[in-house]
J.: 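Dumping the structure here so I can ask a few things about it.
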Amino acid sequence: MNQKLPKAYDPSLIEEKWSNFWVKERIFSVPTPRDAAGIRPFVQLLPPPNVTGRLHMGHMLNQTEMDILTRWHRMTGATAVWVPGTDHAGIATQMMVERQLVAEGKSRTDFTRQTFTDRVWAWKQQYGSAITDQMRRLGASVDWSREYFTMDDRLSHAVKEAFVRLWEQGLIYRGAYIVNWDPVLGTAVSDLEVESEERAGHLYHIRYPLADGSGSIVVATTRPETMLGDTAVAVNPADERYRHLVGKMLLLPLAGRQIPILADDWAQPEFGTGAVKVTPAHDPNDFAIGQRHQLPSLSIMDQQARIELEGSPYHGLDRFEARRRMVADLESAGLLVAVKDHTLTLPISQRTGAIIEPRLSMQWFLAVHQGPKDGGDSIAANATAAVRQGHIQFTPEMYSKVYFEWMNNIHDWCISRQLWWGHRIPAWHCAACSEINVARQAPAACRRCGGTELVQETDVLDTWFSSGLLPFTVFNWTGDPDADRANPDLAAFYPTQLLVTGFDILFFWVARMIMLGCHFMLQAPNPDGSRRELKDAVPFRQVYIHALVRDADRQKMSKTKGNVIDPIEIITRYGTDAVRFTLASQASPGTDIAFHESRTEGYRAFANKIWNAARFLQMNLDRAQQAGYRISLCGHDSVSLELPQNTPLETRWIFSRLSAVAETVARALAAYRFDEASSAIYQFFWGEFCDWYLELVKLRLNFDVAHNDLTALTLNALAGVFESALRLLSPFMPFLTEELWHALYASVGSPSPAVSIALTRYPQAEDFAADEAAVREMNTLQELIVAVRALRKDMGAPEKEAVPIRLHAGAAVAALAQANAEMLARLARVSGLELSTAALTGAGTRSTAAFDVAVLYERQVDAAAERERLTRELARLNKGLEAAEKQLNNQGFIARAPAHIVEGLRKQHAETLALRQKAEAALAALPPA
RNA sequence: GGGCGGAUAGCUCAGCCGGUUAGAGCGCCUGCCUUACAAGCAGGAUGUCGGGGGUUCGAGUCCCUCUCUGCCCA
C-alpha cells in the first residue's frame with residue numbers, strides 16, 4: 001500500500017503525470033456560479049499567445065506569476081478563474097502561411113480569399129495548439145473548459161456586434177488618410193507597429209523653376225521620388241529670402257504640372273534651403289499642410305510602393321529605383337543643385353522590417369476623442385478617468401504615468417488592415433450609390449437607394465481590436481442590455497480582478513482593453529439593473545506589469561543574438577518546479593530578471609531537499625505504524641492551535657515559525673512580491689524545518705520502547721508541519737507538492753482529503769500556535785549551538801568526537817541549556833555541560849550578549865588564527881561602539897529620537913561594551929605572537 | 001529632444017513610512033561519505049551602498065547635482 005519514494009527527486013517521473021491529471025480531472029474548471037454575489041472572485045485573463053507562437057521565457061514568467069496568484073487565491077477560498085485562449089494574430093499567421101506557400105512555389109494571389117483562409121484554418125487546426133500544449137507543462141491552473149480562440153464563432157459574433165455598435169454611435173468612420181503602409185504586407189499598420197530607425201541618407205537640393213521663367217526656388221528633400229505627387233512648395237512666412245515668391249507658381253520638374261508656393265510655419269528656415277516640397281499623399285506632415293491650404297492630394301504609389309502614374313516614364317518602378325532614375329534625370333537637366341549627407345529617421349515596419357511608406361488610403365478609424373451620438377464621454381476620456389480615479393491600479397505604480405502619457409497623445413486608431421486573415425469588417429458597399437451599409441448580417445438591399453448589388457468590405461480588423469474586447473467577450477457579452485444583465489458569467493466575473501502582463505503590450509493591449517472595456521461595459525447595466533458606473537465598467541481592477549527575462553549577462557534575448565533560452569529545454573533538465581521557483585525568486589516588481597541556470601540548479605537542489613525530507617518522514621511513519629502508532633492527518637485540522645502541555649520546545653518553535661512564515665507569504669503575495677514570498681518559504685523549509693527541526697525530532701522519536709506520548713505527539717506535529725509546508729509551497733512548486741502530499745497520506749494510510757493539494761486550504765498565520773517565549777528560547781539555543789560548533793572547529797576537535805563545554809550565563813539561559821542537554825549533544829556533540837559563575841575569556845571561548853561558552857578540548861587553538869579572528873571581531877565591535885557613542889553623545893538624538901530607539905541603542909551599547917571587554921581579555925590571554 | 005527607471009558583496013538581486021553594527025542565493029575557502037538528502041552537513045571570508053553636496057538628532061533610504069547605464073515616446 002505504501003509506495004516507497006525513490007531516493008532522488010526526479011521531476012520527469014512526476015510532472016507529466018500531474019499535469020495530465022489536472023487537465024483530465026478538470027481540477028481547475030469553474031462552472032458558472034448560481035449566485036454571483038455569494039462568491040469572492042479572482043478572475044484573470046491569460047494574455048493570449050499568438051497561435052503561431054512558441055513558448056518563451058516571457059510566457060513562462062507571466063504564467064508562473066499568474067499561476068502562483070491563482071493557486072494562492074483559490075486556496076484561500078476565492079473562486080479563481082483563469083481564462084486561457086489564443087489569438088488569431090492576423091499579420092503573423094497570414095505571414096506564416098504565405099511563407100509556407102512560397103516554399104511550395106505558390107503565392108497568396110494564386111488563391112481566392114476563401115481558399116486562402118481555408119488554408120489558414122487548416123494550418124491553425126494542425127499547429128495552432130502548439131503553444132497551449134507547451135503551457136500544460138508549466139502547470140498553469142487555467143480553466144481549459146473556458147478556452148477560446150479569438151476567431152471562434154462566439155467571439156467573432158461579439159466583434160461584429162461591437163463594430164456595428166461603434167459605427168452606430170458615430171465612433172467608427174471611414175476616410176482617406178495618411179497611414180503607415182507596409183509595402184511588403186500590402187496593408188496599413190498602426191503607429192504602434194512602426195519603429196523608427198536612424199540611417200545614413202541624403203538630402204537632395206532640387207531646383208524648381210518659376211512658371212513665368214523669372215527665376216527658381218531650390219527645395220531640399222530626403223525623398224525626391226515623391227515629387228511626382230507634389231502639390232505645392234512651402235516656405236516659412238517669416239523667411240525674408242522667399243517672401244516675395246509666395247503666391248507665385250512653379251513648374252514641377254519631371255511632371256510638368258504647375259504648383260503654388262505658399263507660406264506655412266512647418267517650413268523651417270534653417271532646414272536645408274528653407275523651402276520644402278509638399279506631397280500631401282505621401283507624408284503625414286505634408287498631409288497636414290495640404291489640409292490647411294486645401295491642396296489636392298495626389299497619390300503616386302501603389303500597394304507595393306511602386307510608382308503608379310499612368311503616362312509617366314517612372315510608372316511601375318519601385319520607389320527606390322524611381323529615386324535613382326529621377327535624381328539622374330534631374331542632374332542631367334541641371335536641376336540637381338546639391339546632394340548632402342544626412343542622417344534620417346526612417347519608419348520601419350515591426351513585422352517585416354520594410355520601410356514604411358506613408359500612404360494616403362481609405363481606412364477605417366475608431367474615434368477616441370469624440371463622445372458617442374447617444375451620449376456619454378469619449379473613449380479616451382473614460383479610459384483616462386478609469387485610471388486617474390483609481391478604479392484601475394498599476395503595479396509598479398510608475399506605469400500609470402506611462403499610460404497617461406500615451407493616452408494624452410493618442411490619435412484615432414486605424415483599425416482596418418488589408419489582409420485576408422482576420423475579422424472581416426461587417427460593411428457592404430452599394431455598387432449603385434456607394435452607400436456604406438454597416439450591418440450585423442449581409443443586407444439584401446442598400447439602405448439608401450435600395451440597390452441590391454452590394455459588395456462586402458474586403459478589409460479585416462486589427463487583431464488588437466478583437467483582443468481589446470476579450471475581458472467581456474470571453475464571458476459571452478452580447479451588447480444587448482437585457483441579455484447582458486441576465487448573463488451569470490458576466491455578473492460573476494466582470495470586472496476581472498487582475499491582469500498580469502509585460503510592458504511591451506501596455507499600449508497594444510492593456511490600453512485598448514481599458515478603452516473598449518469601459519466604453520462597452522458602461523452601457524451594460526449592473527446585474528441588479530442599476531446603471532453601471534465607471535468603477536465597475538473597467539476590464540480589470542489591478543494591472544501587474546512584470547519584468548523582462550534576460551540572459552545571464554543581462555542581455556535581451558533575441559533570435560539574432562542567439563541567446564534565447566528555451567523554457568522547455570530548461571524544464572526538461574531541471575523540472576518545471578525548479579524553473580518556476582527560479583523565476584518567482586527573482587520576480588520583484590520593476591526589476592528585470594537575469595536568468596542564471598546556476599540558480600535553477602540551486603532550486604532543483606531545494607526540490608530534492610524537500611523530497612528527502614518526505615522520505616525521512618515516510619521512513620518514520622513506516623516505523624511508527626509497525627510500532628502500532630496511529631497518525632491522523634486531516635488537512636489543516638491536523639495542526640492544533642492548542643499544543644499539549646508536554647510539547648517540546650522545538651515543536652512549539654516550529655509552529656510559531658510556520659505561523660510567521662504564512663503571514664509573510666500572504667503579505668508578500670498581496671504586494672506581488674514573489675521574491676519575498678519564495679525566499680521566506682525557502683528559508684523556512686530548508687533553514688529551519690530541515691536544518692533544525694528534523695534533526696531535533698530525531699531525539700524525540702523512539703520506537704524501541706513501548707508506545708510513548710512524546711513520540712506520538714512529535715510524529716503528529718512533524719507530519720502536520722510538513723503537510724502544512726507542502727500546502728504553503730504548492731502554488732510555487734505545484735508538481736512536487738502534489739506528489740508528496742498524496743504520498744504523505746498514503747504513508748499514513750488514509751485517503752487524501754482532496755483530489756488535489758491545489759483544492760485545500762492555504763496555511764494562514766492563525767492556523768498555528770504562536771509562542772513568543774519558545775522562539776526566544778530556541779534562538780538562544782541556536783546561538784549556543786552555533787558558537788560551540790565554531791569553537792570545536794577552531795580547536796580542531798574531530799567532527800565525531802563529543803566534547804564537554806563550560807557555560808557562563810544568567811540563570812534562565814543556564815537552566816535552558818541544562819534542560820536541553822540532549823539537543824546540545826545531538827547538534828553540537830556536547831558530551832557534558834559545566835556551569836561557571838565566572839565570566840569566561842581567553843582561548844577556546846566565545847561570547848554573546850547572553851552567554852560565554854568554552855569548549856573543553858585539549859588541543860591548543862591556533863593562536864595566530866584566533867588572534868586574527870579576535871582582532872577582526874574587536875574592529876567590528878569598535879565600529880559599532882563608535883557609531884553608537886556618536887549618537888548617544890548627541891543631545892539632539894537623545895532629545896528627539898523616539899524613546900524605544902534611544903533605549904534600544906543604549907542596551908546594545910552596553911552589550912557591545914561587555915563583548916569588547918571579553919574580546920580584549922581573550923586577545924590579551926593569547927600567547928604573544 | 002521629451003519622459004521614466006537603475007547603479008548595494010566576485011555574480012544576480014532584496015533592503016518598506018529615514019532608526020540600533022546592510023541581507024539572500026549562487027560562487028569562493030576549510031573540514032566532514034554524521035543511514036532523509038554529497039543535488040548533502042558544518043564552519044568561514046567578502047561591502048568607502050556610483051562621485052559630490054544638502055536636509056535631519058540620525059541617510060543605503062529623502063532632496064540637488066554630476067558620471068555611467070537601461071527603457072519608452074517623438
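By convention in this document, chain letters (A, B, ...) are assigned in the order of the sequence lines, proteins followed by strands, and residues within each chain are numbered from 1. Heavy atoms only: backbone and side chains are in, while hydrogens, waters and symmetry mates are out.
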J.: When both hydrogen-bonding distances must be under 3.5 Å and the geometry is Watson-Crick or G-U wobble, what is B:rC26 paired with, if anything?
T.: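 Here B:rC26 is engaged in a pair, and the nucleotide opposite it is B:rG10.
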
J.: Are a donor atom and an acceptor atom from the side chains of A:Tyr672 and A:Glu65 found within less than 3.5 Å of each other?
T.: no

J.: Please evaluate the base of B:rA36 for a donor-acceptor partner in the side chain of A:Glu695 within a cut-off of under 3.5 Å?
T.: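 Checked by distance alone, the answer is yes.
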
J.: Please evaluate the base of B:rC37 for a donor-acceptor partner in the side chain of A:Lys609 within a cut-off of under 3.5 Å?
T.: yes

J.: So does A:Lys698 get a side-chain nitrogen or oxygen closer than 4.0 Å to the phosphate oxygens (OP1/OP2) of B:rA36?
T.: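 Indeed, a polar side-chain atom of A:Lys698 lies that close.
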
J.: Establish whether the base of B:rU21 is bridged to the side chain of A:Gln908 by a donor-acceptor pair shorter than 3.5 Å.
T.: yes

J.: Scan A:Lys793 against the nucleic acid and name what it touches under 4.0 Å (heavy atoms): base, sugar-phosphate only, or nothing.
T.: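 Touches a base.
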
J.: Counting Watson-Crick and G-U wobble pairs only, both distances under 3.5 Å, name the nucleotide matched with B:rC4, or none.
T.: B:rG70

J.: Answer with base, sugar-phosphate or nothing: what part of the nucleic acid does A:Ala594 contact at a heavy-atom distance below 4.0 Å?
T.: sugar-phosphate

J.: Rounded to whole angstroms, how far apart are CG on A:Leu905 and P on B:rG19?
T.: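 Distance, rounded to whole Å: 14 Å.
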
J.: Categorize A:Tyr682 for me: base, sugar-phosphate, or nothing, with a 4.0 angstrom heavy-atom threshold over every strand shown.
T.: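 The residue A:Tyr682 makes sugar-phosphate contact but no base contact.
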
J.: When you measure from the side-chain N and O atoms of A:Arg599 to the phosphate of B:rG25, is any distance below 4.0 Å, counting only OP1 and OP2?
T.: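 It does not, given that no N or O in the side chain of A:Arg599 lies less than 4.0 Å from OP1 or OP2 of B:rG25.
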
J.: What contact category does A:Gly904 fall into here, base, sugar-phosphate, or nothing, at under 4.0 angstrom with non-hydrogen atoms?
T.: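 The residue A:Gly904 makes base contact.
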
J.: Which one is paired to B:rG47, where only Watson-Crick or G-U wobble pairs with both distances under 3.5 angstrom count?
T.: none

J.: Just checking A:Gln887: base, sugar-phosphate only, or nothing, at a heavy-atom cut-off of under 4.0 Å?
T.: base

J.: Pairing check on B:rG60: which nucleotide meets the Watson-Crick or G-U wobble criteria with it, both distances under 3.5 Å?
T.: none

J.: Just checking, any donor-acceptor pair under 3.5 angstrom between side chains of A:Thr651 and A:Tyr693?
T.: yes

J.: From the list B:rU12, B:rC26, B:rC37, which nucleotide is the closest neighbour of the side chain of A:Asn612?
T.: B:rC37

J.: Choose from B:rC4, B:rA42, B:rA36 the nucleotide whose nearest atom is closest to any side-chain atom of A:Cys690.
T.: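 Looking only at heavy atoms from C-beta outward on A:Cys690, the closest nucleotide is B:rA36.
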
J.: Under 4.0 Å between any heavy atoms, over every strand shown, what does A:Pro898 touch: base, sugar-phosphate, or nothing? Just pick one.
T.: base

J.: Any side-chain N or O of A:Lys7 under 4.0 Å from OP1/OP2 of B:rA38?
T.: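 So the side-chain polar atoms of A:Lys7 do come within 4.0 Å of the phosphate oxygens OP1 or OP2 of B:rA38, strictly under.
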
J.: Within 45° of the six-membered ring axis of A:Phe404 and under 6.0 Å from that ring's centre, is NZ or CZ of A:Arg388 located there?
T.: yes

J.: Does the cation-pi check pass for A:Arg789 over A:Trp692, that is, NZ or CZ under 6.0 Å from the six-membered ring centre and within 45° of its axis?
T.: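 A:Arg789 over A:Trp692 ring: yes.
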
J.: Would you please confirm or rule out a distance under 4.0 Å between OP1 or OP2 of B:rA42 and any side-chain N or O of A:Trp692?
T.: no

J.: Please report the distance, rounded to the nearest Å, between CG in A:Leu701 and P in B:rU35.
T.: 16 Å

J.: A:Ala8 or A:Ala790: which one's nearest nucleotide on RNA chain B is closer to the 5' end?
T.: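 First, find each residue's nearest nucleotide; the 5'-ward one identifies A:Ala8.
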
J.: Of all the nucleotides listed (B:rC11, B:rC41, B:rU34), which has the minimum atom distance to the side chain of A:Arg829?
T.: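 Within the option list, the nearest is B:rU34.
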
J.: Where the side chain of A:Ala605 is concerned, which of B:rG40, B:rA36, B:rC11 is the nearest nucleotide?
T.: B:rG40

J.: Side chain of A:Arg789: nearest nucleotide among B:rU12, B:rG15, B:rG43?
T.: B:rG43

J.: Are OP1 or OP2 of B:rG44 and a side-chain N or O of A:Arg792 less than 4.0 angstrom apart?
T.: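 Negative; the distance criterion is not met.
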
J.: 5'-most contact on RNA chain B: A:Glu799 or A:Ser598, nearest heavy atom basis?
T.: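 Closer to the 5' end of RNA chain B: A:Ser598.
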
J.: Would B:rC17 be called syn or anti, given that syn covers angles within 90° of 0?
T.: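 Syn for B:rC17; the angle stays within 90° of 0.
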
J.: Which of these nucleotides, B:rG19, B:rA39, B:rU21, is closest to any side-chain atom of A:Asn608?
T.: B:rA39

J.: Scan A:Val786 against the nucleic acid and name what it touches under 4.0 Å (heavy atoms): base, sugar-phosphate only, or nothing.
T.: sugar-phosphate

J.: Report the base-pairing partner of B:rC41 (Watson-Crick or G-U wobble, both distances below 3.5 angstrom), or none.
T.: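 Paired with B:rC41, as far as the under-3.5 Å criterion goes, is B:rG31.
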
